[in-house]
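For reference, the structure discussed in these notes is given below.
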Amino acid sequence: QVQLVESGGGLVQAGGSLRLSCEASGRTFSFYYMGWFRQAPGKEREFVAAIAWRYGGTTYADSVQGRFTISRDKAENTVYLQMNNLKPEDTAVYYCGADVRTYDTTWSKRGGMDYMGKGTLVTVAS
């Protein structure tokens, strides 16, 4: 089984920064991608960023490109999301995900990955 546990959420002023962490356990050797998604109140969950677990290639949603950076530490089985220049519209529950499939990278359409964590709340005050 796979477990994903997010941490690092909290309250921050607009323009500030936060770093989210997601520690994975279980069948991490089967991961091809890990990523972050978010769900704002009253909205559907949306794709934020993804990273290829083995080679490190990254993909971002247009709304966070240039402000957020996804990275991973394979030795620690951890993926990070560095969020800079935060805006009130970034307020959401942020979820970590892991994919064991290689053939479907339509995360914007799927709104998730094969395995998902329980989320951590990020609140950006204006």
Could you go through residues 101-108 and list every donor-acceptor pair under 3.5 Å that involves a side-chain atom there, pairing it with any protein atom two or more places apart or in another chain?
{"residue": "R101", "atom": "NE", "partner": "D114", "partner atom": "OD1", "Å": "2.8"}
{"residue": "R101", "atom": "NH1", "partner": "D104", "partner atom": "OD2", "Å": "3.4"}
{"residue": "R101", "atom": "NH2", "partner": "D114", "partner atom": "OD1", "Å": "2.6"}
{"residue": "D104", "atom": "OD1", "partner": "T106", "partner atom": "N", "Å": "3.1"}
{"residue": "D104", "atom": "OD1", "partner": "T106", "partner atom": "OG1", "Å": "2.5"}
{"residue": "W107", "atom": "NE1", "partner": "D99", "partner atom": "OD2", "Å": "2.9"}

Atom pairs and distances, side-chain donor-acceptor, residues 6-19, under 3.5 Å, sequence neighbours left out:
{"residue": "E6", "atom": "OE1", "partner": "K118", "partner atom": "N", "Å": "3.2"}
{"residue": "E6", "atom": "OE1", "partner": "G119", "partner atom": "N", "Å": "2.9"}
{"residue": "E6", "atom": "OE2", "partner": "C96", "partner atom": "N", "Å": "2.8"}
{"residue": "E6", "atom": "OE2", "partner": "G119", "partner atom": "N", "Å": "3.1"}
{"residue": "S17", "atom": "OG", "partner": "N84", "partner atom": "OD1", "Å": "2.9"}

Could you pull out all donor-acceptor pairs under 3.5 Å where a side-chain atom in residues 51-58 meets a protein atom, sequence neighbours excluded?
none

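Between the side chain of S30 and the main chain of R27, a donor-acceptor pair closer than 3.5 Å is present. Between the side chain of R67 and the backbone N or O of N85, at least one donor-acceptor pair lies under 3.5 Å.
Listed by chain and number, the residues in a salt bridge (Lys or Arg N to Asp or Glu O under 4.0 Å) with E46 are R38 (sequence neighbours excluded). Qualifying ring pair (Phe, Tyr, Trp, His ring centres under 6.0 Å) partners for Y95, counting only residues two or more places apart in sequence or in other chains: none.
For Q3, the CD atom counts as loosely surrounded, since its 6.0 Å shell holds 12 or fewer non-hydrogen atoms of other residues, nucleotides or ligands.
With hydrophobic clusters built from ILVMFWY side chains whose heavy atoms lie under 4.5 angstrom apart, W36 shares a cluster with Y60. Linking Ile, Leu, Val, Met, Phe, Trp and Tyr whenever their side-chain heavy atoms come within less than 4.5 Å puts M116 and V93 in one cluster.
Contact annotation: the side chain of F31 approaches that of V100 to within less than 4.5 Å [non-hydrogen atoms, C-beta and beyond]. Looking only at side-chain heavy atoms (C-beta outward), L121 and Y94 stay at 4.5 Å or farther from each other. In this structure, the side chains of L81 and V79 stay at 4.5 Å or more apart for every pair of heavy atoms. At least one side-chain heavy atom of M113 sits under 4.5 Å from a side-chain heavy atom of Y33. By the 4.5 Å heavy-atom criterion applied to side chains, L20 and T120 are counted as neighbours.
Here the closest non-hydrogen pair linking A40 and A92 is N-CB, 3.8 Å. Of all non-hydrogen atoms in M83 and V122, the two that sit nearest each other are CE-CG2, 3.9 Å. Minimum heavy-atom separation, D90 to V124: CB-CG2, 4.2 Å. Counting all heavy atoms, side chain and backbone alike, F47 lies closest to T59 at CZ-O, 3.7 Å.
A distance of 10.5 Å separates CD in E23 from CG in D73, rounded to the nearest 0.5 Å. Rounding to the nearest 0.5 Å gives a distance of 11.0 Å between OH of Y80 and CE of M34. To the nearest 0.5 Å, the span separating CD on E76 from OG on S21 amounts to 11.0 Å.
Pairs of residues two or more places apart, or lying in two chains, never qualify as disulfide bond (SG atoms under 2.5 Å apart) while including a residue from residues 38-74.
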